[in-house]
Amino acid sequence: QLEKINQHKPPLQKLDKVIDWEMFREPIEEALYVEPKAPGGRPSYDKLMMFKIIILQKYYNLSDEQTEFQIKDRLSFMDFLNLELSDKIPDAKTIWFFKDQLCKKGLTEKLFDLFTVTLNSKGIIAKEGSMVDASFVDVPKQLNNREDNAIIKEGSVPISFAENKNKLAQKDTDARWTTKNNEKHFGYKNHINADKETKLINNYYLTNASTHDSVELENLVKEKDKILYADSAYRSKQIEKHLKEIKCTSKVHEKGYRNKPLTESQKKNNSDKSKIRGRIEHIFGFMTNSMNDALHLRQIGLQRIATTIGLVNLTYNLFRFEQLIRLKIV
């Protein structure tokens, strides 16, 4: 039955053929090592397998309970995790605890950087041009009164939340409301810098949703970026100065102003830039379509969202790398 399933070339099996998962073992085991309290007892689950479970979970955007059930129910999932029918499957609480440890140890960013360094060492990311953009990360809406919302907007925690730890645990005081194109969003923003040729994410930064896209550009674009493509939201004197200082050629869209509209030449230049800059939209499109609305999250709080978004971005890079290899683009 498994052989028949694999004839359909499931995405996880295609991924498994090209990713050297062992590269992640040492940093995970080193960060999550716990001294055994006493001899005997049930051995813990293999940490690399647990990491693969999280990648599976992010690709299909599953809850912890659904992840447990789907692993038990689907042979292709078990095959990806090298599990037999007789093997014990990690339950939802174990999956949650592993993610919690990744969050507390700040391990997600290290694993993302590890894979990026590996890609750079193989010459897959040529760094001949970069693209930047941001996408909303929607989280569960909070039902607060106006007074509490006003306090949260000022960056403080309402006294009623602080005095009740259980209540505070259910409140997201880091997320913010914003409106774009008449659509309201509550949550955060995933700011990314991606390679223009391979569409692999070089680095990322998370902010609340009300932060303007351009604010985090200096955190995303460094000296190694030779050319930068971005829409007009990133056009300002400060950004152009920063790009000049790091010797990065600006391909940022030009803006039109009142009584000073864009010339035909500027419009044509923007159109040419769009042919490359638009490629970054494919990344967010993959997260929305192939990864089942991966930017709509169930978690709350900046720290947990940062961990989750790091895993989402890493999962995208893993699958994009598989695609590049399969299509012989690199």
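Worth saying up front: this structure is predicted, and the values here are computed from it rather than measured. Residues: numbered from 1 along the sequence shown.
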Do [X] and [Y] pair up side chain to side chain, a donor and an acceptor below 3.5 Å, judged on atom types alone?
| X | Y | result |
| --- | --- | --- |
| Ser130 | Asp225 | yes |
| Asn219 | Glu216 | yes |
| Asp138 | His296 | yes |
| Gln323 | Lys14 | no |

Using the rule that two of Ile, Leu, Val, Met, Phe, Trp, Tyr join whenever any of their side-chain heavy atoms come within less than 4.5 Å, decide whether Val117 and Tyr204 are in one cluster. no

Does the [X] side chain pair with the main chain of [Y], one donor and one acceptor, at a distance under 3.5 Å?
| X | Y | answer |
| --- | --- | --- |
| Ser271 | Lys267 | no |
| Gln13 | Ser76 | yes |
| Asn61 | Met291 | no |

Tell me the closest heavy-atom pair linking [X] and [Y], and the distance in Å.
| X | Y | result |
| --- | --- | --- |
| Met78 | Glu84 | CE-O, 3.0 Å |
| Arg279 | Lys196 | NE-O, 2.7 Å |
| Phe98 | Ile28 | CZ-CG2, 4.2 Å |
| His282 | Lys199 | ND1-NZ, 2.9 Å |
| Thr315 | Ile55 | OG1-CD1, 3.5 Å |
| Gln266 | Pro261 | OE1-O, 4.3 Å |

Applying ring-ring contact (aromatic ring centres under 6.0 Å, His included), name anything that partners Tyr229, two or more places apart in sequence or on another chain.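 Tyr229: no ring-ring contact (aromatic ring centres under 6.0 Å, His included) contacts found.
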
Under the criterion salt bridge (Lys or Arg N to Asp or Glu O under 4.0 Å), which of Asp174, Asp100, Asp172 is the partner of Arg304? Asp100

Candidates Phe286, Phe115, Phe321, Phe112 - the one meeting ring-ring contact (aromatic ring centres under 6.0 Å, His included) with Tyr316: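 One option only clears the test, and that one is Phe286.
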
Would the Phe136 and His185 ring centres measure less than 6.0 Å apart? yes

